[in-house]
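Below is one structure, written out as structure tokens; comments come after it.
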Amino acid sequence: MANGIGYALAPGENLFSGFSSPVTGNTGVLQSDFYFVNSPTTLTLTGLNAGTTYEFSDYNAAFGAPSGRFNTITDSQTGSLVYDENATPGSALHDVFTPLGTSFVITYTNLNIGLTTSGDTYHHYAFQVDVVSVPEPASIVMLGLGCLGLLAWRRRA
């Protein structure tokens with residue numbers, strides 16, 4: 001994660017260890033443990049800089065058959081999607097956002113109404129937060145001047 005960024009899961013999150021992820025390689029090893037709690041649950045990112053653009057990546061693994069773990073995932077800036085965490089053996093969700101303040105909240109609400117076992121909850125395996133790089137204004141100016149030079153050279157030739 002980017003420097004200075006912290007996170008907090010909702011109170012009451014439970015740790016499940018020793019999961020045999022259907023994802024292979026290092027990502028599968030990373031997904032051998034996860035946190036879960038009854039719905040809804042939140043993940044709060046803290047230590048953000050207002051006005052800076054970030055990318056949140058949420059890495060997931062199936063914990064059952066497809067169509068078994070539907071959740072609505074909503075962020076604090078009204079981004080929202082419905083997602084089946086079991087749809088594929090492994091997946092990653094990405095959310096690019098520019099916070100208005102120093103925190104950003106993601107809420108996970110289970111849609112498997114009537115299902116109460118812990119296996120039907122959203123599983124927090126791994127996530128990452130990165131600052132999205134934006135070229136410096138001087139770099140953009142230099143690129144523009146280079147393009148103008150190429151155009152002038154082509155016209156002479």
Side-chain angles (χ1 to χ4, degrees), residues 1-137 139-140 143:
M1 289 198 309
N3 290 338
I5 297 175
Y7 71 94
L9 293 170
E13 291 276 347
N14 302 291
L15 176 63
F16 184 98
S17 295
F19 173 57
S20 181
S21 174
V23 178
T24 59
N26 291 334
T27 302
V29 172
L30 182 68
Q31 294 175 332
S32 65
D33 298 334
F34 62 84
Y35 285 92
F36 68 96
V37 70
N38 288 331
S39 180
T41 187
T42 59
L43 172 65
T44 303
L45 303 175
T46 58
L48 303 172
N49 294 317
T52 298
T53 301
Y54 296 90
E55 181 176 16
F56 172 78
S57 300
D58 192 351
Y59 301 98
N60 303 288
F63 192 81
S67 301
R69 191 177 312 283
F70 283 100
N71 288 269
T72 298
I73 303 172
T74 307
D75 69 33
S76 56
Q77 293 180 336
T78 66
S80 182
L81 70 97
V82 174
Y83 171 66
D84 179 10
E85 199 170 12
N86 288 349
T88 62
S91 62
L93 300 175
H94 301 280
D95 187 0
V96 175
F97 64 95
T98 304
L100 302 174
T102 59
S103 65
F104 189 76
V105 179
I106 302 157
T107 303
Y108 304 84
T109 305
N110 188 278
L111 298 178
N112 298 330
I113 298 174
L115 303 176
T116 58
T117 63
S118 61
D120 299 322
T121 60
Y122 190 84
H123 296 172
H124 295 279
Y125 291 95
F127 67 89
Q128 154 181 345
V129 180
D130 294 303
V131 174
V132 175
S133 297
V134 178
E136 296 178 40
S139 299
I140 294 171
L143 180 62

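Please read all numbers here as calculations on a predicted model, not as lab measurements.
- Between the side chains of Thr98 and Thr53, a donor-acceptor pair is found at a separation under 3.5 Å.
- Side-chain atoms of Asn71 do not come within 3.5 Å of backbone N or O of Leu111 as any donor-acceptor pair.
- In this structure, Phe63 has its ring center closer than 6.0 angstrom to the ring center of Phe16.
- Two residues are said to be in side-chain contact when any heavy atoms from C-beta on lie closer than 4.5 Å; Asp95 and Leu93 fail this criterion.
- Contact check for Phe70 versus Val82: side-chain heavy atoms found under the 4.5 Å cut-off.
- A donor-acceptor pair is defined here as one N or O able to donate and one able to accept, closer than 3.5 Å; no such pair exists between the side chain of Asn60 and the backbone of Gly90.
- In this structure, Leu45 and Phe127 have side chains that are in contact, with non-hydrogen atoms separated by less than 4.5 Å.
- Side-chain contact between Val37 and Thr121 is absent, with no heavy atoms from C-beta onward closer than 4.5 Å.
- The distance between the ring centers of His124 and Tyr108 falls below 6.0 angstrom.
- Side-chain contact check for Val129 versus Phe104: every heavy-atom pair is 4.5 Å or farther apart.
- Ser91 pairs by the side chain to side chain donor-acceptor pair (under 3.5 Å) definition with Tyr83, not counting sequence neighbours.
- Judged by distance alone, the side chain of Glu85 and the main-chain N or O of His123 form a donor-acceptor pair under 3.5 Å.
- In this structure, Thr102 and Thr46 have side chains that are not in contact, with every pair of non-hydrogen atoms separated by 4.5 Å or more.
- Proximity of Thr74 to Thr109: side-chain heavy atoms (C-beta onward) are nowhere separated by under 4.5 Å.
- Taking every heavy atom of both residues into account, His94 and Ser57 meet most closely at ND1-OG, 2.8 Å.
- Ala61 approaches Phe19 most closely through the heavy-atom pair CB-CE2, 4.1 Å.
- Listed by chain and residue number, nothing satisfies the side chain to side chain donor-acceptor pair (under 3.5 Å) test with Thr88 (two or more places apart in sequence, or in another chain).
- Taking 4.5 Å as the limit, every side-chain heavy atom of Thr41 sits out of range of all side-chain heavy atoms of Phe36.
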